[in-house]
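What follows is a short report on a single structure.
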Amino acid sequence: DQQVKQNSPSLSVQEGRISILNCDYTNSMFDYFLWYKKYPAEGPTFLISISSIKDKNEDGRFTVFLNKSAKHLSLHIVPSQPGDSAVYFCAASYGAGGTSYGKLTFGQGTILTVHP
Amino acid sequence: DTAVSQTPKYLVTQMGNDKSIKCEQNLGHDTMYWYKQDSKKFLKIMFSYNNKELIINETVPNRFSPKSPDKAHLNLHINSLELGDSAVYFCASSQAGGKVGYTFGSGTRLTVV
């Protein structure tokens with residue numbers, strides 16, 4: 001039972017245009033969401049996060065939007081650059097203690113290719 | 001300086017063997033994790049340790065045993081390896097229970113033949 005899903009396996013975008021990566025979740029207890037970026041043969045690196053008390057968080061070219069009623073979040077990259085080409089993972093967590101402590105539930109990733 | 005380092009990077013071994021993967025972090029984080037990336041590319045948590053104490057133990061076969069000698073190290077020992085254990089294993093660490101994001105190692109690709 002996958003509680004975090006990224007339904008688009010891949011996305012291809014032209015340099016300078018906007019990239020929009022989507023993520024859906026089913027567990028209403030999730031209260032914190034993160035995006036990670038992964039290059040081949042490397043571990044995922046933290047990109048941006050958002051708390052469930054917000055609906056938007058921006059960091060430079062990266063903006064994450066959260067729609068709690070739809071249980072949907074998205075990552076916008078503007079403008080897209082060839083160096084952004086990587087696998088992007090959405091992740092979610094809940095609670096600050098107990099058995100959920102620090103646990104992140106990941107989606108399966110979306111491969112983003114930015115063409116020059 | 002590598003923040004989270006895991007060794008080896010690649011591991012090819014025969015079924016039935018016992019192997020270990022080591023992980024060390026120099027970030028001063030208090031929580032460490034093992035995640036498995038399966039053939040469908042999902043990253044799934046296996047274990048979590050906070051200050052050497054086991055916090056999370058997902059449904060993982062008993063053949064997998066984590067060991068944390070101190071809060072900077074979390075090793076993974078696997079007994080009687082099976083074909084289905086082939087995957088990429090990632091170690092990670094975090095402060096504040098993961099709310100500020102993990103730092104991942106570069107992964108260990110385990111292939112069981």
Side-chain angles (χ1 to χ4, degrees), chain A residues 1-10 23 25 27 30-54 57 59 62 64 75 86-112, chain B residues 2-10 21 23-25 27 29-51 53-60 71 74 87-109:
Chain A
D1 176 30
Q2 293 305 135
Q3 298 183 46
V4 178
K5 293 181 182 179
Q6 295 174 254
N7 292 318
S8 297
S10 62
C23 178
Y25 62 95
N27 190 339
F30 287 140
D31 60 4
Y32 201 74
F33 304 88
L34 308 92
W35 284 93
Y36 283 80
K37 177 179 177 179
K38 183 183 181 303
Y39 293 116
E42 294 183 11
T45 54
F46 172 70
L47 195 56
I48 192 169
S49 62
I50 188 167
S51 165
S52 61
I53 62 174
K54 295 185 175 182
N57 188 25
D59 184 2
F62 302 91
V64 56
L75 175 68
V87 180
Y88 288 79
F89 289 96
C90 168
S93 71
Y94 64 90
T99 57
S100 68
Y101 190 87
K103 173 182 173 181
L104 291 182
T105 301
F106 284 85
Q108 68 271 51
T110 296
I111 302 170
L112 173 65
Chain B
T2 304
V4 179
S5 60
Q6 51 183 112
T7 55
K9 193 169 179 66
Y10 300 96
I21 307 172
C23 180
E24 175 182 4
Q25 56 98 359
L27 298 166
H29 287 166
D30 57 10
T31 309
M32 295 186 73
Y33 312 82
W34 277 109
Y35 273 76
K36 177 181 179 182
Q37 186 177 30
D38 60 23
S39 56
K40 294 183 179 179
K41 304 302 181 186
F42 284 100
L43 278 157
K44 294 184 178 178
I45 192 167
M46 301 173 69
F47 302 102
S48 166
Y49 271 73
N50 180 257
N51 284 318
E53 181 183 351
L54 181 65
I55 299 297
I56 295 173
N57 184 349
E58 292 290 287
T59 309
V60 177
K71 77 172 195 175
L74 179 62
V88 183
Y89 293 84
F90 287 97
C91 176
S93 70
S94 74
Q95 197 67 1
K99 290 293 189 182
V100 295
Y102 294 176
T103 301
F104 279 90
S106 58
T108 296
R109 182 174 292 278

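Note on naming: letters A, B, ... go to the chains in the order of the sequence lines (proteins, then strands), and numbering restarts at 1 for each one. Note: hydrogens, waters and symmetry copies are ignored here, and every other heavy atom, side chains too, is used. Bear in mind the structure is a predicted one, so any value in this text is a computation, not a measurement.
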- Heavy-atom distances under 4.5 Å only: say whether Q37(B) touches chain A with side chain, backbone, both or neither. side chain
- Task: Answer with yes or no after comparing the ring centroid distance for Y88(A) and Y36(A) against a 6.0 Å cut-off, counting only values under it.
- Result: no
- From the options N57(B), I55(B), L74(B), select the one residue that forms a side chain to side chain contact (heavy atoms under 4.5 Å, CB included) with S48(B). I55(B)
- Would you say the side chains of S49(A) and Y32(A) form a donor-acceptor pair under 3.5 Å? yes
- Message: Would the distance check show the side chain of Q6(A) and the main-chain N or O of G109(A) forming a donor-acceptor pair, the cut-off being under 3.5 Å?
- Response: yes
- For the candidates S51(A), A41(A), G107(A), G43(A), which exhibits the highest count of non-hydrogen atom pairs separated by less than 4.5 Å from chain B? G43(A)
- Task: Check each atom of Y39(A) against the heavy atoms of chain B and say whether the ones under 4.5 Å are side chain, backbone, both or neither.
- Result: neither
- Please flag which part of V87(A) lies under 4.5 Å from any non-hydrogen atom of chain B: side chain, backbone, both or neither. neither
